[in-house]
> 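I'd like to ask some things about the structure below.
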Amino acid sequence: LARIFEFGDQFVKADKALRDGLALLHFRDGRYLDFFRRRVRLHERFGTLEEMKTALITAAKAEPPSEQALLDITRFFEITVELDEHVKWLRELVKAVPQVEDYRWELVRALLDHEGASEAAQLLDERLKNDGSDLPGIVLLRCEADLRVADSEAAVKRLTKLLAAQPGIE
């Protein structure tokens, strides 16, 4: 329905249809992101991106901040490719909802891609046990952080320790 309104240059009706769709979905649902992305693109097409950004920032700055509002503004800046703002709001999201590990790993990935390897390493070290029981994906992220700060020796040690802890590998 939103697409029909959009192609008919009826912004208000298209935006309402997308907002109605978003209201039906849980914000962690993958389809929510699809609707949200379409809504951002709609605002971009009709030149109202700044208004949407202002509304999302206002919602995210409410006290106490809601997880959904913080995730929405984070996604907004990811979609609009404003990397500094994306990382800033990811930090806020991780601080507000520390129990959701996925947000922490998303922040780590963003930092690694955005010249923040030292901060990413610190976030990873907070969760690593370094006793061979850590998930290989997390260890590999930590190795990537080591490589980004030109510490290949530390990365090799971590990988060697990880491989030694794997059953059946000699």
Side-chain angles (χ1 to χ4, degrees), residues 1-128 134-142 144-145 148:
L1 186 59
R3 287 181 183 174
I4 293 169
F5 288 134
E6 181 180 352
F7 290 123
D9 286 332
Q10 296 181 22
F11 170 78
V12 174
K13 289 181 179 180
D15 191 46
K16 183 182 181 331
L18 288 169
R19 280 186 283 117
D20 290 348
L22 288 168
L24 294 172
L25 297 167
H26 190 274
F27 66 92
R28 289 188 190 164
D29 187 317
R31 296 170 296 175
Y32 181 95
L33 179 56
D34 294 336
F35 273 74
F36 188 79
R37 184 177 288 117
R38 287 206 53 73
R39 187 163 181 244
V40 171
R41 295 296 175 222
L42 175 76
H43 280 265
E44 183 178 47
R45 178 173 177 237
F46 284 91
T48 59
L49 210 51
E50 282 302 313
E51 290 87 350
M52 183 179 188
K53 178 166 99 174
T54 302
L56 290 170
I57 289 173
T58 301
K61 286 185 175 180
E63 285 297 327
S66 80
E67 179 182 356
Q68 181 176 354
L70 288 170
L71 188 56
D72 282 350
I73 193 65
T74 301
R75 287 172 170 165
F76 175 85
F77 286 120
E78 180 181 20
I79 293 166
T80 58
V81 194
E82 296 180 52
L83 300 176
D84 290 333
E85 288 293 314
H86 179 238
V87 169
K88 170 189 163 187
W89 287 103
L90 264 173
R91 284 185 184 115
E92 292 297 319
L93 183 60
V94 169
K95 188 168 44 172
V97 194
Q99 67 273 19
V100 181
E101 291 291 317
D102 289 346
Y103 300 150
R104 173 180 291 272
W105 307 138
E106 187 177 342
L107 175 58
V108 165
R109 183 82 260 151
L111 287 167
L112 287 172
D113 293 341
H114 192 64
E115 310 286 328
S118 296
E119 185 181 349
Q122 185 179 16
L123 287 167
L124 288 161
D125 287 343
E126 290 172 8
R127 294 296 191 263
L128 284 172
D134 295 312
L135 293 172
I138 297 171
V139 175
L140 291 173
L141 279 174
R142 185 59 178 92
E144 183 177 344
R148 298 269 176 129

> How far apart are the closest heavy atoms of Leu25 and Phe35, and which atoms are they?
CD1-CD1, 3.8 Å
> Ignoring hydrogens, what is the shortest heavy-atom contact between Val40 and Phe76? Give both atom names and the distance.
CG2-CD1, 3.9 Å
> Evaluate the side-chain proximity of His43 to Arg39: yes if any heavy-atom separation is below 4.5 Å, no if none is.
yes
> Of all the heavy-atom pairs spanning Pro98 and Arg127, show the shortest one and how long it is.
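Minimum heavy-atom separation between Pro98 and Arg127: O-NH2, 4.0 Å.
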> Mind checking whether Lys53 and Glu82 have side chains closer than 4.5 Å, heavy atoms only?
yes
> So do the side chains of Asp102 and Arg28 get within less than 4.5 Å of each other, counting heavy atoms only?
no
> Do Arg37 side-chain atoms and Ile79 backbone N/O form a donor-acceptor pair below 3.5 Å?
no
> Does His114 reach the main-chain N or O of Gly116 with its side chain, forming a donor-acceptor pair under 3.5 Å?
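Between the backbone of Gly116 and the side chain of His114 there is no qualifying donor-acceptor contact (under 3.5 Å).
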> May I ask you to check whether Gln68 and Ser66 show a side-chain donor-acceptor distance below 3.5 Å?
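Note: Gln68 and Ser66 side chains miss the donor-acceptor criterion.
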> Between atom CG of Leu90 and atom CG of Leu111, what is the distance when rounded to the nearest 0.5 Å?
8.0 Å
> Mind listing the closest non-hydrogen atom pair of Phe36 and Asp72 along with its distance?
CZ-O, 3.3 Å
> Could you check if a side-chain atom of Val108 sits within less than 4.5 angstrom of a side-chain atom of Glu144, using non-hydrogen atoms only?
no
> When you look at CD of Glu115, are more than 12 heavy atoms from neighbouring residues, nucleotides or ligands closer to it than 6.0 Å?
no
> Are the charged groups of Asp34 and Arg38 less than 4.0 angstrom apart, N to O?
no
> Charged N to carboxylate O under 4.0 angstrom, Glu106 versus Arg109?
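Not counted as a salt bridge, because no side-chain N and carboxylate O are separated by less than 4.0 Å.
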> Is it true that Asp84 and Lys88 make a salt bridge, defined as a side-chain N closer than 4.0 Å to a carboxylate O?
no
> Of all the heavy-atom pairs spanning Thr74 and Leu70, show the shortest one and how long it is.
OG1-O, 2.7 Å
> Write down the atom of Ile73, the atom of Ala60, and the distance for their closest heavy-atom approach.
CG2-CB, 3.7 Å
> Yes or no on side chain to side chain contact (heavy atoms under 4.5 Å, CB included) for Phe77 and Val87, after CA distance, side-chain angles and deciding distance?
CA-CA 9 Å; Phe77 286 120; Val87 169; over 6 Å; no
> For Arg31, does the CZ atom have more than 12 heavy-atom neighbours from other residues, nucleotides or ligands under 6.0 Å away?
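Counting other residues, nucleotides and ligands, CZ of Arg31 stays at 12 neighbours or fewer.
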> Please evaluate residues Leu71 and Tyr103 with respect to the criterion side chain to side chain contact (heavy atoms under 4.5 Å, CB included), reporting the C-alpha separation (whole Å), side-chain torsions for both, the decisive distance (0.1 Å), and the verdict.
CA-CA 9 Å; Leu71 188 56; Tyr103 300 150; 3.6 Å; yes
> I'd like to know whether CD of Gln122 has more than 12 heavy-atom contacts from other residues, nucleotides or ligands below 6.0 angstrom.
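No.
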> Assess whether side chain to side chain contact (heavy atoms under 4.5 Å, CB included) is satisfied between Asp15 and Met52, documenting all intermediate values.
CA-CA 11 Å; Asp15 191 46; Met52 183 179 188; over 6 Å; no
> With a 4.5 Å cut-off on side-chain heavy atoms, are Asp125 and Leu128 touching?
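Yes. Closest side-chain heavy atoms under 4.5 Å.
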> Which label fits Phe11 and Phe46: parallel for a plane angle under 30°, tilted from 30 to 60°, or perpendicular past 60°?
tilted
> How far apart are the C-alpha atoms of Arg75 and Glu78, what are their side-chain angles, what is the distance that settles it, and do they pass the salt bridge (Lys or Arg N to Asp or Glu O under 4.0 Å) test?
CA-CA 5 Å; Arg75 287 172 170 165; Glu78 180 181 20; over 6 Å; no
> State whether the side chain of Arg104 and the backbone N or O of Leu123 hold a donor-acceptor pair below 3.5 Å, judged by distance alone.
yes
